[in-house]
Amino acid sequence: MHKNRALVLVPPPPLRFTLNEWHLNNRHRYRCSEAQQKLAEQLLSESQRVCDLTSERARDNKEETDHRLKEKLEDIEFRKKELLRIRKEVLLESDVLSIYKERIMDALGSVRRNGLVICEKCLVMREHRLGIDLVLDAIGKELLKECEVIKGAESLLERTLEQTQEQIRRLKATLYYMDHDLEDKENNLRIDRHNLTLRESSLNLSIYHGTSRLDPSTIELNEWEMQTNQNINAASKEVNSARQMRCYIDTIIRQVIDDLNDQKNSTDEAFRYRIEETKEAKMKLELQHSEIMRQASDMAQNIESIKQSIMQKECYLALAHTRLGNRCQRPGLELTRDLVEIQLVKEVHDLREVVANLQETMFNAEASLRYLLKTQMQIEEDINVKTNTLKIDEVDCMTLRQSLDYHAY
């Protein structure tokens, strides 16, 4: 019977707590309730404090913003006045410089070409110098400089006119940038003045709910200040440049003539100094040529003397060789190494050494003679080069430069 009966699950008996656990649970619930009540009271107090603080902060922020708006308006007004002040100066200088432009145009016909062809001819003629004299000396540098000065003098008034026109254009460009800046500042004044009149209770206020930035400004305050300062500084710079330009125009013609005459004198002085220097070098070369010729003649005689001495020594050497050869014919015990043979061997050795020394001396003398003759030819070439240079500088160029004449028209 027991085998056929199904198994029945009996649930476990419920947990049983002690009396102490019951009291501990009650005290825990009391403490949690008291803590939550205390936290709620603190949150109520904090919420009131935060509301009061945020209201005060909002009022302070608005007052600070109003103050900053007033400061900004004052700053813009000040910079606007500065721009207007410098704008008047720019307008005045532009008008005055236009009058000076007319003066330059009237004076432009008083300067004519003078001297460039002569200087270029001198440069071409000096290209026909020969050898070592074909150098860029002081004359060449002064001639090149004189060409530049002459070209500069020819075009100086035209360049001055171009500079004046450019200065007038820059003044007008400065006016354009200042007018643009003044227009922007006027719009800024209009906007910020309107913002200053707005209150938190004003109508037509709205909260922005878009996704893009509400403050799209990318220009820093120092950049804004720098831009206006740059416009003012640029205008002041252009005004000063215009005043300097007027002073420059007053003296330009006199300076042109003075520069031409000063450069002409410098070039003539370079010619005179170079001609004297070339004459001195030519004279020294001629003295050296005479000395080289004398030394070459002496060296040729010295070589002949050495050759004669070598021939004499070779005769003595042949004598010693003959005597040694004859003594080789001695018979038997007579073929001994006696004092005579020792002396003959010593004599042959000494004569060979003497002949070798004489031949070496002769080779050195012949080499020296070749160098002397080569130097003589080089000096003769240098003398011809100096003669050609003197003809070009002293005769051709200086004669041509006598027709140079600079004076104010």
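Using a cutoff of 4.0 Å between basic side-chain nitrogens and carboxylate oxygens, Glu280 and Lys284 are scored as salt-bridged. Salt bridge Arg126/Asp396: absent, no basic N to carboxylate O contact under 4.0 Å. Under 4.0 Å is where a charged nitrogen must lie from a carboxylate oxygen, and between Glu89 and Arg85 at least one such pair does. Using a 4.0 Å cut-off between a side-chain N of Lys or Arg and a carboxylate O of Asp or Glu, Asp382 and Lys386 do not qualify as a salt bridge. Taking a cutoff of 4.0 Å between a charged side-chain nitrogen and a carboxylate oxygen, Glu142 and Arg274 do not qualify as a salt bridge. Salt-bridge formation is not detected for the pair Glu154/Lys151: no Lys NZ or Arg NE/NH1/NH2 atom is positioned less than 4.0 Å from an Asp or Glu carboxylate oxygen. The pair Glu148-Lys145 does not meet the salt-bridge criterion, since no charged nitrogen lies less than 4.0 angstrom from a carboxylate oxygen. Here Lys38 does not pair with Glu34 in a salt bridge; the nearest charged N to carboxylate O distance is not below 4.0 Å.
Phe271 is listed as a side-chain neighbour of Arg401, based on a closest heavy-atom distance under 4.5 Å. Proximity of Asn26 to Arg29: side-chain heavy atoms (C-beta onward) are nowhere separated by under 4.5 Å. Contact annotation: the side chain of Thr164 approaches that of Ile249 to within less than 4.5 Å [non-hydrogen atoms, C-beta and beyond]. Taking 4.5 Å as the limit, some side-chain heavy atom of Arg87 sits within range of a side-chain heavy atom of Leu182. Contact check for Arg159 versus Leu156: side-chain heavy atoms found under the 4.5 Å cut-off.
A donor-acceptor pair shorter than 3.5 Å can be found between the side chains of Lys313 and Ser309. No side-chain N or O of Ser98 forms a donor-acceptor pair with one of Glu102 less than 3.5 Å apart. With hydrogens and angles left out, the side-chain atoms of Thr174 and Glu238 include no donor and acceptor closer than 3.5 Å. For the residue pair Thr228 / Lys185, a side-chain donor-acceptor distance below 3.5 Å is found, with atom types taken as modelled.
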Walk me through whether Arg169 and Gln165 qualify under side chain to side chain contact (heavy atoms under 4.5 Å, CB included).
CA-CA 6 Å; Arg169 186 197 66 78; Gln165 292 172 340; over 6 Å; no
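Of the possible donor and acceptor atoms, one in the side chain of Ser403 sits under 3.5 Å from a partner among the backbone N and O of Leu400.
Taking Arg243 as the reference, Glu93 meet the salt bridge (Lys or Arg N to Asp or Glu O under 4.0 Å) condition, with sequence neighbours excluded. Residues passing the salt bridge (Lys or Arg N to Asp or Glu O under 4.0 Å) test with Glu77, sequence neighbours excluded: Arg193.
With respect to Cys397, the side chain to side chain contact (heavy atoms under 4.5 Å, CB included) criterion is satisfied by exactly one of Asp268, Ile392, Leu123: Ile392.
Within the structure, the side-chain hydrogen bond (donor to acceptor under 3.5 Å, both in side chains) test picks out the following pairs touching residues 369-378 (sequence neighbours left out): Gln376-Glu380.
When all heavy atoms are compared, the tightest approach of Glu127 to Leu134 is O-CD1, 3.7 Å.
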